[in-house]
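Scroll down for the structure; my scribbles are underneath it.
These values consider heavy atoms only, across backbone and side chains, with no hydrogens, waters or symmetry-generated copies.
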Amino acid sequence: MARIFITGSADGLGQLAARRLVALGHDVVLHGRSLDRAQQALRAVPGARTALEGDLASIEQTRELAAQANAAGPFHAVIHNAGVYRPGAASRETVDGLDEVFAVNALAPYLLTALIQGPRRMIYLTSGLHQGGDPDLRDLQRRQRRWDGAQAYANSKLFDVVLAFAVARLWPHVLSNAVDPGWAPTKMGGASAPGDLEQAVATQVWLAASEEPGAKVTGKYLYRKQARPAHRAASDVTVQDAFLAACEQLTGARLESAITK
(Lines give C-alpha, C1' and ligand atoms only; values in the text may rest on other atoms or scores of the structure.)
Protein backbone atom coordinates (compact mmCIF):
# COMPACT_ATOMS: atom_id res chain seq x y z
CA MET A 1 0.00 0.00 0.00
CA ALA A 2 1.34 3.42 -0.97
CA ARG A 3 0.37 6.75 0.58
CA ILE A 4 -0.31 9.24 -2.21
CA PHE A 5 -1.21 12.94 -2.19
CA ILE A 6 -3.13 14.40 -5.14
CA THR A 7 -3.58 18.13 -5.59
CA GLY A 8 -6.78 19.39 -7.20
CA SER A 9 -8.72 16.21 -6.47
CA ALA A 10 -12.18 17.65 -5.81
CA ASP A 11 -13.20 16.90 -9.39
CA GLY A 12 -11.85 16.06 -12.83
CA LEU A 13 -8.78 13.93 -13.41
CA GLY A 14 -7.55 14.36 -9.85
CA GLN A 15 -10.76 12.87 -8.48
CA LEU A 16 -10.70 10.02 -10.99
CA ALA A 17 -7.08 9.19 -10.20
CA ALA A 18 -7.91 9.22 -6.49
CA ARG A 19 -10.82 6.82 -7.01
CA ARG A 20 -8.62 4.49 -9.01
CA LEU A 21 -5.88 4.49 -6.38
CA VAL A 22 -8.34 3.92 -3.53
CA ALA A 23 -9.84 1.00 -5.45
CA LEU A 24 -6.33 -0.45 -5.77
CA GLY A 25 -6.00 -0.33 -1.98
CA HIS A 26 -3.78 2.69 -1.58
CA ASP A 27 -3.87 5.35 1.15
CA VAL A 28 -4.96 8.52 -0.63
CA VAL A 29 -4.94 12.09 0.64
CA LEU A 30 -7.01 14.58 -1.33
CA HIS A 31 -6.90 18.35 -1.77
CA GLY A 32 -9.34 21.17 -2.45
CA ARG A 33 -8.69 24.87 -2.74
CA SER A 34 -11.18 25.65 0.07
CA LEU A 35 -12.81 23.80 2.96
CA ASP A 36 -15.96 23.28 0.87
CA ARG A 37 -13.92 21.85 -2.02
CA ALA A 38 -11.94 19.60 0.32
CA GLN A 39 -15.18 18.25 1.79
CA GLN A 40 -16.54 17.78 -1.72
CA ALA A 41 -13.44 15.75 -2.57
CA LEU A 42 -13.95 13.49 0.44
CA ARG A 43 -17.60 12.88 -0.44
CA ALA A 44 -16.65 12.04 -4.01
CA VAL A 45 -13.89 9.57 -3.11
CA PRO A 46 -15.14 7.11 -0.46
CA GLY A 47 -12.20 5.42 1.18
CA ALA A 48 -9.79 8.33 0.91
CA ARG A 49 -8.10 9.07 4.24
CA THR A 50 -8.53 12.84 4.43
CA ALA A 51 -8.59 16.01 2.34
CA LEU A 52 -6.34 19.02 2.82
CA GLU A 53 -7.27 22.58 1.91
CA GLY A 54 -5.31 25.43 0.41
CA ASP A 55 -5.67 27.86 -2.49
CA LEU A 56 -2.71 27.33 -4.81
CA ALA A 57 -3.15 30.88 -6.12
CA SER A 58 -1.80 32.08 -2.77
CA ILE A 59 1.85 31.56 -1.80
CA GLU A 60 0.91 31.70 1.90
CA GLN A 61 -1.86 29.13 1.53
CA THR A 62 0.37 26.88 -0.58
CA ARG A 63 2.96 26.99 2.20
CA GLU A 64 0.24 26.06 4.70
CA LEU A 65 -0.88 23.22 2.42
CA ALA A 66 2.68 21.87 2.37
CA ALA A 67 2.71 21.94 6.18
CA GLN A 68 -0.58 20.02 6.25
CA ALA A 69 0.87 17.51 3.79
CA ASN A 70 3.96 17.00 5.92
CA ALA A 71 1.72 16.33 8.93
CA ALA A 72 -0.31 13.81 6.90
CA GLY A 73 2.73 12.15 5.27
CA PRO A 74 5.26 10.98 4.50
CA PHE A 75 4.07 10.19 0.99
CA HIS A 76 5.27 7.57 -1.42
CA ALA A 77 4.11 9.79 -4.28
CA VAL A 78 2.70 13.24 -4.98
CA ILE A 79 0.59 13.86 -8.08
CA HIS A 80 0.65 17.56 -8.97
CA ASN A 81 -2.68 17.58 -10.77
CA ALA A 82 -4.24 20.97 -9.92
CA GLY A 83 -4.40 23.52 -12.69
CA VAL A 84 -6.39 26.29 -14.33
CA TYR A 85 -7.15 26.74 -18.03
CA ARG A 86 -9.12 29.79 -19.14
CA PRO A 87 -7.95 30.55 -22.68
CA GLY A 88 -10.72 33.02 -23.40
CA ALA A 89 -10.74 34.80 -20.06
CA ALA A 90 -9.08 38.06 -19.11
CA SER A 91 -5.89 38.05 -17.09
CA ARG A 92 -6.38 37.45 -13.38
CA GLU A 93 -3.98 38.57 -10.69
CA THR A 94 -3.46 36.63 -7.46
CA VAL A 95 -3.32 38.03 -3.94
CA ASP A 96 0.46 38.09 -4.40
CA GLY A 97 0.21 40.18 -7.58
CA LEU A 98 1.10 37.29 -9.89
CA ASP A 99 -0.54 35.93 -13.02
CA GLU A 100 -2.97 33.30 -11.75
CA VAL A 101 -2.21 30.77 -14.51
CA PHE A 102 1.50 30.85 -13.74
CA ALA A 103 0.91 30.87 -9.97
CA VAL A 104 -1.39 27.84 -9.87
CA ASN A 105 0.04 25.77 -12.71
CA ALA A 106 3.78 26.28 -12.25
CA LEU A 107 4.73 28.19 -9.10
CA ALA A 108 2.56 26.16 -6.69
CA PRO A 109 4.00 22.80 -7.84
CA TYR A 110 7.49 24.27 -7.37
CA LEU A 111 6.71 25.45 -3.84
CA LEU A 112 5.05 22.17 -2.83
CA THR A 113 8.00 20.27 -4.26
CA ALA A 114 10.44 22.37 -2.28
CA LEU A 115 8.49 22.03 0.99
CA ILE A 116 6.86 18.58 1.08
CA GLN A 117 9.24 16.13 2.70
CA GLY A 118 10.13 12.66 1.55
CA PRO A 119 8.12 11.58 -1.51
CA ARG A 120 9.92 9.08 -3.72
CA ARG A 121 7.80 9.67 -6.79
CA MET A 122 6.72 12.99 -8.27
CA ILE A 123 4.21 13.27 -11.09
CA TYR A 124 3.54 16.63 -12.74
CA LEU A 125 0.54 16.91 -15.04
CA THR A 126 1.34 18.85 -18.17
CA SER A 127 -0.24 19.08 -21.62
CA GLY A 128 0.63 18.49 -25.23
CA LEU A 129 0.17 22.25 -25.52
CA HIS A 130 3.47 22.65 -23.68
CA GLN A 131 5.15 22.12 -27.06
CA GLY A 132 4.00 25.64 -27.98
CA GLY A 133 5.24 27.12 -24.71
CA ASP A 134 7.78 29.91 -24.53
CA PRO A 135 10.64 29.27 -22.07
CA ASP A 136 11.56 32.98 -21.90
CA LEU A 137 11.74 33.82 -18.19
CA ARG A 138 12.10 37.57 -18.56
CA ASP A 139 8.34 38.26 -18.40
CA LEU A 140 6.81 35.43 -16.39
CA GLN A 141 3.82 37.54 -15.39
CA ARG A 142 3.17 38.62 -19.00
CA ARG A 143 3.09 42.31 -18.09
CA GLN A 144 5.12 43.38 -21.11
CA ARG A 145 3.03 41.49 -23.67
CA ARG A 146 -0.58 41.48 -24.73
CA TRP A 147 -2.49 38.97 -22.62
CA ASP A 148 -3.05 35.61 -24.28
CA GLY A 149 -4.66 33.03 -22.01
CA ALA A 150 -3.87 30.08 -24.28
CA GLN A 151 -0.20 31.09 -24.50
CA ALA A 152 -0.01 31.63 -20.74
CA TYR A 153 -1.34 28.11 -20.23
CA ALA A 154 1.11 26.61 -22.73
CA ASN A 155 3.98 28.40 -21.01
CA SER A 156 2.89 27.16 -17.58
CA LYS A 157 2.65 23.59 -18.82
CA LEU A 158 6.14 23.86 -20.33
CA PHE A 159 7.42 24.99 -16.94
CA ASP A 160 5.81 21.91 -15.38
CA VAL A 161 7.96 19.74 -17.63
CA VAL A 162 11.00 21.91 -16.86
CA LEU A 163 10.31 21.37 -13.14
CA ALA A 164 9.83 17.61 -13.51
CA PHE A 165 13.09 17.26 -15.40
CA ALA A 166 14.96 19.53 -12.96
CA VAL A 167 13.79 17.44 -10.00
CA ALA A 168 14.87 14.27 -11.80
CA ARG A 169 18.33 15.77 -12.28
CA LEU A 170 18.77 17.25 -8.81
CA TRP A 171 17.14 14.44 -6.83
CA PRO A 172 18.44 11.13 -8.24
CA HIS A 173 16.69 9.26 -5.41
CA VAL A 174 13.28 10.48 -6.66
CA LEU A 175 11.38 9.30 -9.73
CA SER A 176 10.15 12.54 -11.29
CA ASN A 177 8.13 12.64 -14.50
CA ALA A 178 5.69 14.79 -16.47
CA VAL A 179 2.44 13.30 -17.76
CA ASP A 180 0.27 14.45 -20.64
CA PRO A 181 -3.23 13.11 -19.90
CA GLY A 182 -4.53 14.08 -23.31
CA TRP A 183 -7.56 16.23 -24.05
CA ALA A 184 -10.12 14.67 -21.74
CA PRO A 185 -13.83 15.54 -21.31
CA THR A 186 -13.54 17.13 -17.87
CA LYS A 187 -14.77 20.52 -16.65
CA MET A 188 -11.43 21.94 -17.77
CA GLY A 189 -11.26 20.08 -21.06
CA GLY A 190 -14.91 20.57 -21.99
CA ALA A 191 -17.63 18.06 -22.79
CA SER A 192 -16.62 17.86 -26.46
CA ALA A 193 -13.05 16.72 -25.74
CA PRO A 194 -12.30 13.48 -27.61
CA GLY A 195 -10.12 11.79 -24.97
CA ASP A 196 -10.98 8.80 -22.82
CA LEU A 197 -11.21 9.52 -19.09
CA GLU A 198 -9.84 6.16 -17.98
CA GLN A 199 -6.82 6.50 -20.23
CA ALA A 200 -6.38 10.09 -19.07
CA VAL A 201 -5.66 8.95 -15.49
CA ALA A 202 -3.97 5.61 -16.15
CA THR A 203 -0.43 6.92 -16.56
CA GLN A 204 -0.28 9.02 -13.39
CA VAL A 205 -1.83 6.20 -11.35
CA TRP A 206 0.72 3.76 -12.79
CA LEU A 207 3.68 6.05 -12.12
CA ALA A 208 2.50 6.77 -8.57
CA ALA A 209 2.01 3.21 -7.39
CA SER A 210 3.16 0.51 -9.79
CA GLU A 211 6.20 -1.66 -9.14
CA GLU A 212 6.47 -2.54 -12.83
CA PRO A 213 9.90 -1.68 -14.27
CA GLY A 214 8.31 0.59 -16.86
CA ALA A 215 6.83 2.78 -14.11
CA LYS A 216 10.20 3.27 -12.43
CA VAL A 217 11.56 5.81 -14.90
CA THR A 218 12.60 9.38 -14.24
CA GLY A 219 13.04 12.55 -16.22
CA LYS A 220 10.46 11.50 -18.81
CA TYR A 221 7.49 13.10 -20.53
CA LEU A 222 4.85 10.39 -20.89
CA TYR A 223 1.58 9.95 -22.74
CA ARG A 224 -0.37 6.72 -22.22
CA LYS A 225 2.59 5.14 -20.41
CA GLN A 226 4.94 5.81 -23.30
CA ALA A 227 7.81 8.29 -23.26
CA ARG A 228 7.57 11.00 -25.89
CA PRO A 229 9.88 13.84 -26.89
CA ALA A 230 9.28 16.96 -24.82
CA HIS A 231 9.98 20.58 -25.72
CA ARG A 232 13.76 20.74 -25.93
CA ALA A 233 13.92 23.61 -23.45
CA ALA A 234 12.74 21.24 -20.70
CA SER A 235 16.07 19.39 -20.83
CA ASP A 236 18.16 22.56 -20.95
CA VAL A 237 19.96 22.85 -17.60
CA THR A 238 20.29 26.62 -18.06
CA VAL A 239 16.51 26.94 -18.45
CA GLN A 240 15.92 24.62 -15.48
CA ASP A 241 18.23 26.56 -13.20
CA ALA A 242 16.80 29.91 -14.29
CA PHE A 243 13.24 28.70 -13.65
CA LEU A 244 14.15 27.37 -10.20
CA ALA A 245 15.91 30.64 -9.37
CA ALA A 246 12.88 32.69 -10.47
CA CYS A 247 10.55 30.55 -8.33
CA GLU A 248 12.89 30.79 -5.35
CA GLN A 249 12.94 34.57 -5.67
CA LEU A 250 9.14 34.72 -5.73
CA THR A 251 8.53 32.27 -2.87
CA GLY A 252 11.63 32.47 -0.71
CA ALA A 253 11.84 28.67 -0.80
CA ARG A 254 14.85 26.90 -2.28
CA LEU A 255 14.64 23.52 -3.99
CA GLU A 256 17.75 22.00 -2.51
CA SER A 257 19.89 19.74 -4.67
CA ALA A 258 20.70 16.23 -3.45
CA ILE A 259 23.73 16.13 -5.72
CA THR A 260 27.04 16.64 -3.96
CA LYS A 261 29.68 18.39 -6.02
Polar side-chain atom of Tyr110 near backbone of Ala246 as donor-acceptor pair, under 3.5 Å: no
Check: Asn81 side chain, Gly8 main-chain N or O, donor-acceptor pair, under 3.5 Å: yes
side-chain hydrogen bond (donor to acceptor under 3.5 Å, both in side chains) between Asn155 and Gln151, worked out: CA-CA 6 Å; Asn155 294 355; Gln151 187 63 53; 2.7 Å; yes
For Gln68 against Leu52, the heavy-atom pair lying closest together: OE1-CB, 3.4 Å
Parallel, tilted or perpendicular: rings of Tyr85 and Tyr153 (30°, 60°): tilted
Interatomic distance, Leu56 atom CG to Leu112 atom CG [nearest 0.5 angstrom]: 6.0 Å
Side-chain touch Asp180/Tyr221, heavy atoms, less than 4.5 angstrom: yes
Intermediate values then yes/no, side-chain contact (heavy atoms from CB on, under 4.5 Å), Leu107 and Asp96: CA-CA 12 Å; Leu107 189 64; Asp96 302 300; over 6 Å; no
Gln240 side chain to Val167 backbone, donor-acceptor under 3.5 Å: no
Shortest non-hydrogen contact between Ala215 and Leu207, atoms and distance: O-CD2, 3.6 Å
Expected output: side-chain Trp147 to main-chain Arg92 donor-acceptor under 3.5 Å: no
Linked, directly or transitively: Val161 and Val174 (ILVMFWY side chains, under 4.5 Å): no
Side-chain (His231) to main-chain (His130) donor-acceptor, under 3.5 angstrom: no
Donor-acceptor contact below 3.5 Å, side chain His31 vs main chain Gly54: yes
Reported CG-to-CG distance for the pair Leu111 and Leu65, which is rounded to 0.5 angstrom: 9.0 Å
Closest heavy-atom pair and its distance - Ser176, Thr218: N-OG1, 2.9 Å
Beyond-backbone contact of Val45 with Val28, side-chain heavy atoms, under 4.5 angstrom: no
Minimum heavy-atom distance between Leu125 and Gln204, given as atom pair plus value: CD2-NE2, 3.8 Å
Reported OG-to-CG distance for the pair Ser34 and Asp55, which is rounded to 0.5 angstrom: 8.0 Å
Path from Leu158 to Met122 over hydrophobic side-chain contacts below 4.5 Å: yes
Glu60 CD: over 12 foreign heavy atoms closer than 6.0 Å: no
Any side-chain heavy-atom pair of Gln39 and Leu35 under 4.5 Å: yes
Neighbour count >12 (heavy atoms, 6.0 Å) for atom CD, Glu211: yes
Hydrophobic cluster identity match, Leu98 and Phe243, side-chain contacts under 4.5 Å: yes
Donor-acceptor pair, side chain of Trp171 and main chain of Ala166, under 3.5 angstrom: no
Leu163 and Leu255, any side-chain heavy atoms less than 4.5 Å apart: yes
Within-4.5 Å side-chain heavy-atom neighbours: Leu129 and Lys157: no
Transitive ILVMFWY side-chain link Leu137 to Phe165, under 4.5 Å: no
Thr50 (side chain) donor-acceptor with Val29 (main chain) under 3.5 angstrom: no
Distance-only side-chain donor-acceptor flag, Arg19 / Gln15, under 3.5 Å: yes
Beyond-backbone contact of Phe159 with Asn105, side-chain heavy atoms, under 4.5 angstrom: no
Stepwise side-chain contact (heavy atoms from CB on, under 4.5 Å) test for Arg49 and Arg3: CA-CA 10 Å; Arg49 179 154 61 93; Arg3 182 175 295 163; 3.1 Å; yes
Smallest separation among heavy atoms of Ser156 and Ala106, with atom names: O-CB, 4.1 Å
Any Asp11 side-chain heavy atom under 4.5 Å of Arg37 side chain: yes
Candidate list Asn177, Thr113, Asp160, test side-chain hydrogen bond (donor to acceptor under 3.5 Å, both in side chains), partner Tyr124, passing option: Thr113
Side-chain (Thr94) to main-chain (Ser58) donor-acceptor, under 3.5 angstrom: no
Distance in Å, Glu256 CD paired with Leu244 CG, rounded so as to fall on 0.5 Å steps: 11.0 Å
Interatomic distance, Thr7 atom OG1 to Ile79 atom CD1 [nearest 0.5 angstrom]: 8.5 Å
Side-chain donor or acceptor of Gln61 paired with backbone N/O of Glu53 under 3.5 Å: no
Thr251 OG1 to Ile59 CD1 distance, which is reported to the nearest 0.5 Å: 6.5 Å
Which atom of Leu222 lies closest to which atom of Ala227, heavy atoms considered: CD2-N, 4.1 Å
